[in-house]
Undergrad: 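Shown below is the structure under consideration.
Since we're looking at a predicted model, the values are computed, not measured. Labels below follow one simple rule: chain letters A, B, ... track the order of the sequence lines, proteins then strands, and each chain is numbered from 1.
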Amino acid sequence: MNNYRSHLCSELSLDNLNQKVILSGWADTIRDHGNLLFIDLRDNYGITQCVIDGKHELFSEISNIGNESVIKVIGTVVKRSDETINKNLKTGDIEIKIEEFELLSKANTLPLPVNSDIEYGEEVRLKYRFLDLRRNKLHSNILLRNKIISDIRKKMINIGFTEFQTPILTSSSPEGARDYLVPSRIHQGKFYALPQAPQQFKQLLMIAGFDKYFQIAPCFRDEDSRADRSPGEFYQLDFEMSFVTQDDVFNAIEPVLYEVFNENKKNTNIKVSDYPFKRIPYNESLEKYGSDKPDLRNPLIILDYTSVFQNSNFKIFSNQIEKGAVVKGIIVKNTANQPRSFFDKLNNWAREEGAAGLGYISFSDNKFKGPIAKNLNDDQLSALKLGENDSIFFICDELKQAQIFSGYVREKICIELSLLNKDSFEFCWIVDFPMFEIDEKTNKLQFSHNPFSMPQGEMNSLETMDPLEIKAFQYDIVCNGVELSSGAIRNHKPEIMYKAFELAGYSKDDLEKKFSGMLNALKFGAPPHGGSAPGIDRIVMLLADEPNIREVIAFPMNQQAMDLMMDAPAKIDKERLEELGIKLIDKN
RNA sequence: GCGGGAGUAGUUCAGCUGGUUAGAACGCUGCCCUGUCACGGCAGAGGUCGCGGGUUCGAAUCCCGUCUCUCGCGCCA
């Protein structure tokens, strides 16, 4: 028998009555009645109440152990009397009558309590992460995370993917995020970089003929954090497939995501959108939702009303339209009877956000109301297509600004009126991203996403179309307004790549210098291939219903990319720096 | 780099327009308590009010600077 335990803290019941058992765990709460003492003993699996009588010789010793000390208890399983049964505990029908106990590890006074769910400051929680991880919420989040990862792994293998490992010490990539650099001792003055993603490696594995690759891949990017963006490192379900079109990629991963969400959702009321998921072209997403990561739980839709206002008497809009602006509108049902303050509040909010205001028209009892209504004639008003009790809010600006701000308005009104359907996971693909865009600073053409994506229409498009009109086989998967990943069908033909880079201002030489490995590989027989890489941390965030990514990572860094527990990053001894040939300079 | 919020006991927080000795809860220490499950009761210890400067007879409170945490923007192909 195991020296420390015969059973787990979750598994004893009336079936075990009168058995002598050994349990080990943490003293979660200790209730000392002077001549009677209860200990809730906790392990990874559950809690079991242990009791000792004041007459027992170990009583005084056990009454001094302190919360979170680790103890081993030997005792007998006894039935609780009817009035002392605890229905909140799985083991609440029984308790352990302590006969012997051993203090395995004494705990000092705690810097934060483990046995309560009260919110605590992050600095303390991160510094004592091992204590925070003992607490209910984090403990179950991390268990959920590991369940999700293991489910993903099983499903990917089941549908024929092969799991790989790719290098952590690799070379710096010229495009994209800042790299984390690692100095080389052997090659003084040279650096490895940690991979931002195993992008090139997975493509090389396709070229190597492995057909279907996946990896729960660590990715490293030296960029500033957000609530949903962990600084430094994060994980992706990175996958890639050979001999596929965009639809083949979607068809492969949709069931995996659907099942992972459906099998790990918090309660059975939650509905996961059925696959195939909606496919929304990038431009349509900006038009209808004002975002390239729309939250489809929000029922509001943005429509275009430029033509209604174009020749109207509402000069504020019609003058702007003449200068090239557009008018967007959002119809909101059952709001015509909202008090004036509702509309004023939104208008004030819009002004605070930097907009000129938020005009509106309401329709009820066959009458159009609101400050703009009197400027439109009957034809124009009926073109709004308002139903009884509807209101419509207008945004007028240059196209891109109007789209973005309409997106904010859509979100704001949804929050104000609590229109979000919280019991659902709404997936969609955003497809047909533009291949190129204009860099606003330099006015030059640049790649809008991954430069290795295949342009739709391939060489023909690059040679004949306006570059800004060319779409790429580039797609994002979005769930509840969270961008889970982007992916693409890759460009596997060197001549198309030379041409695409040429349009973005890179010479053949530039390309060969920067991406020689990849480019070289494409010259020796590369299959058409593509894939994607949904973010694991964000999937867990959604399923755990956590607003902050640190709540689903066992050992996260703080916003400043510091590990407060391990004290990283840290200064390095002079000797080590010398060995690496590194001299620090004082930037101040 | 820029903007918002925060920083008071080990912890979570209160502390008004400046005014005696800066409070509460949890935790901690001691005593009492045989059926609790956030056990209860009594007593006690514990604070450079982030740091520096200023205004004032007097600053946790007002002003300036600075540091730290956090949220957002930039950034993240």
Side-chain angles (χ1 to χ4, degrees), chain A residues 28-42 47-56 59 63-64 66-68 78 80-89 91-92 95 97 107-128 131-132 173-179 196-197 199 219-232 234 352-354 404 408 433-437 439-441 446-453 472 474 476 483 486-488 500-501 504 514-515 535 547-550 557-562 564:
Chain A
D28 189 81
T29 43
I30 301 165
R31 295 178 292 279
D32 186 352
H33 290 232
N35 283 309
L36 180 72
L37 178 146
F38 300 96
I39 294 178
D40 285 343
L41 195 66
R42 186 196 73 240
I47 282 180
T48 301
Q49 174 167 281
C50 304
V51 60
I52 187 166
D53 192 278
K55 296 186 196 98
H56 198 286
F59 187 88
S63 68
N64 279 317
N67 277 349
E68 292 305 309
V78 297
R80 296 203 199 182
S81 65
D82 288 350
E83 64 278 13
T84 61
I85 287 171
N86 185 347
K87 292 217 156 53
N88 300 322
L89 273 189
T91 59
E95 62 195 6
K97 202 171 166 225
N108 289 343
T109 300
L110 301 169
L112 87 162
V114 170
N115 61 8
S116 92
D117 289 327
I118 303 169
E119 302 268 347
Y120 283 86
E122 282 222 78
E123 247 177 302
V124 178
R125 291 180 56 204
L126 289 171
K127 181 159 184 194
Y128 299 95
L131 290 180
D132 201 17
S173 58
E175 301 282 330
R178 275 182 282 258
D179 291 309
Q196 294 175 25
Q199 181 64 34
C219 304
F220 305 89
R221 294 178 193 175
D222 186 3
E223 295 293 348
D224 290 341
S225 72
R226 289 289 183 277
D228 65 350
R229 208 165 77 203
S230 167
F234 61 96
E352 278 166 25
E353 293 290 314
I404 291 170
Y408 289 151
F433 276 84
M435 185 79 192
F436 301 100
E437 63 189 12
D439 183 332
E440 284 174 15
K441 282 178 209 147
Q446 64 175 12
F447 290 107
S448 60
H449 269 76
N450 188 327
F452 298 125
S453 300
Q474 166 85 42
D476 282 1
E483 182 192 318
S486 56
F501 274 81
K514 284 179 172 173
F515 302 104
N548 192 298
I549 205 161
R550 291 185 293 275
M557 296 199 283
N558 69 2
Q559 196 197 35
Q560 308 303 318
M562 297 187 295
L564 299 178

Undergrad: Quickly work out the A:N35 CG to B:U36 C1' distance and round it to whole Å.
TA: 14 Å

Undergrad: By the 4.0 Å heavy-atom rule, please label A:K55 as base, sugar-phosphate, or nothing.
TA: base

Undergrad: Using whole Å, report how far CG of A:N67 lies from P of B:C26.
TA: 14 Å

Undergrad: Between B:C37, B:C69, B:C33, which one does the side chain of A:L89 approach most closely?
TA: B:C37

Undergrad: Is A:R31 salt-bridged to A:D40, cutoff N-O under 4.0 Å?
TA: yes

Undergrad: Which nucleotide in the list B:G35, B:C39, B:C71 gets nearest to the side chain of A:T84?
TA: B:G35

Undergrad: Would you mind telling me which residue lines up with the more 5' stretch of RNA chain B, A:R226 or A:A197, judged by nearest nucleotide?
TA: A:R226

Undergrad: What is the distance from CD of A:Q560 to P of B:C69, rounded to the nearest Å?
TA: 5 Å

Undergrad: B:G27 C1' sits how many Å from A:N115 CG, rounded?
TA: 10 Å

Undergrad: Between B:G1, B:A77, B:C28, which nucleotide gets closest to the side-chain atoms of A:T109?
TA: B:C28

Undergrad: Begin with the C-alpha distance, continue with both residues' side-chain angles, and end with the deciding distance and a verdict on side-chain hydrogen bond (donor to acceptor under 3.5 Å, both in side chains) for A:N115 and A:T29.
TA: CA-CA 7 Å; A:N115 61 8; A:T29 43; 4.9 Å; no

Undergrad: Are A:F220 and A:F234 close enough that their ring centers fall under 6.0 Å?
TA: no

Undergrad: For nucleotides 11-13 of chain B, print each protein N/O atom paired with a nucleotide N/O atom at under 3.5 Å, atom names and distance only.
TA:
unit_1 : atom_1 : unit_2 : atom_2 : d
B:U12  : OP1    : A:G121 : N      : 3.0

Undergrad: Return the pairing partner of B:U56 with a 3.5 Å limit on both distances, Watson-Crick or G-U wobble; otherwise return none.
TA: none

Undergrad: Checking contacts here: which listed nucleotide (B:A77, B:U70, B:C39) is nearest the side-chain heavy atoms of A:R550?
TA: B:U70

Undergrad: Could you tell me how the ring of A:F38 sits relative to the ring of A:H33: parallel (under 30°), tilted (30 to 60°) or perpendicular (over 60°)?
TA: perpendicular

Undergrad: Please confirm whether the shortest side-chain N or O distance from A:R229 to OP1 or OP2 of B:C73 is below 4.0 Å.
TA: no

Undergrad: Under 3.5 Å for both donor-acceptor distances, Watson-Crick or wobble: does B:U29 have a partner, and if so which one?
TA: B:A43

Undergrad: Compare the minimum distances between each of B:U70, B:C37, B:U68 and the side chain of A:L126, then state the nucleotide with the smallest one.
TA: B:U70

Undergrad: Could you state the atom-to-atom distance from CD of A:E68 to P of B:G27 in whole Å?
TA: 13 Å

Undergrad: Checking all strands, does A:M562 fall into the base, sugar-phosphate, or nothing category for heavy-atom contacts under 4.0 angstrom?
TA: sugar-phosphate

Undergrad: Could you state the atom-to-atom distance from CG of A:D40 to C1' of B:U36 in whole Å?
TA: 9 Å

Undergrad: Check every atom of B:C69, B:C76, B:G35 against the side chain of A:N558 and return the nucleotide holding the closest atom.
TA: B:C69

Undergrad: Establish, with yes or no, whether the OP1 or OP2 oxygen of B:A38 is under 4.0 angstrom from a side-chain nitrogen or oxygen of A:N88.
TA: no

Undergrad: Rounded to the nearest Å, what distance is computed from the CG atom of residue A:L36 to the P atom of nucleotide B:C37?
TA: 12 Å

Undergrad: Among B:G1, B:C37, B:U68, which nucleotide has an atom closest to any side-chain atom of A:E123?
TA: B:U68

Undergrad: Round to a whole Å and report the spacing from NZ of A:K514 to P of B:A77.
TA: 15 Å

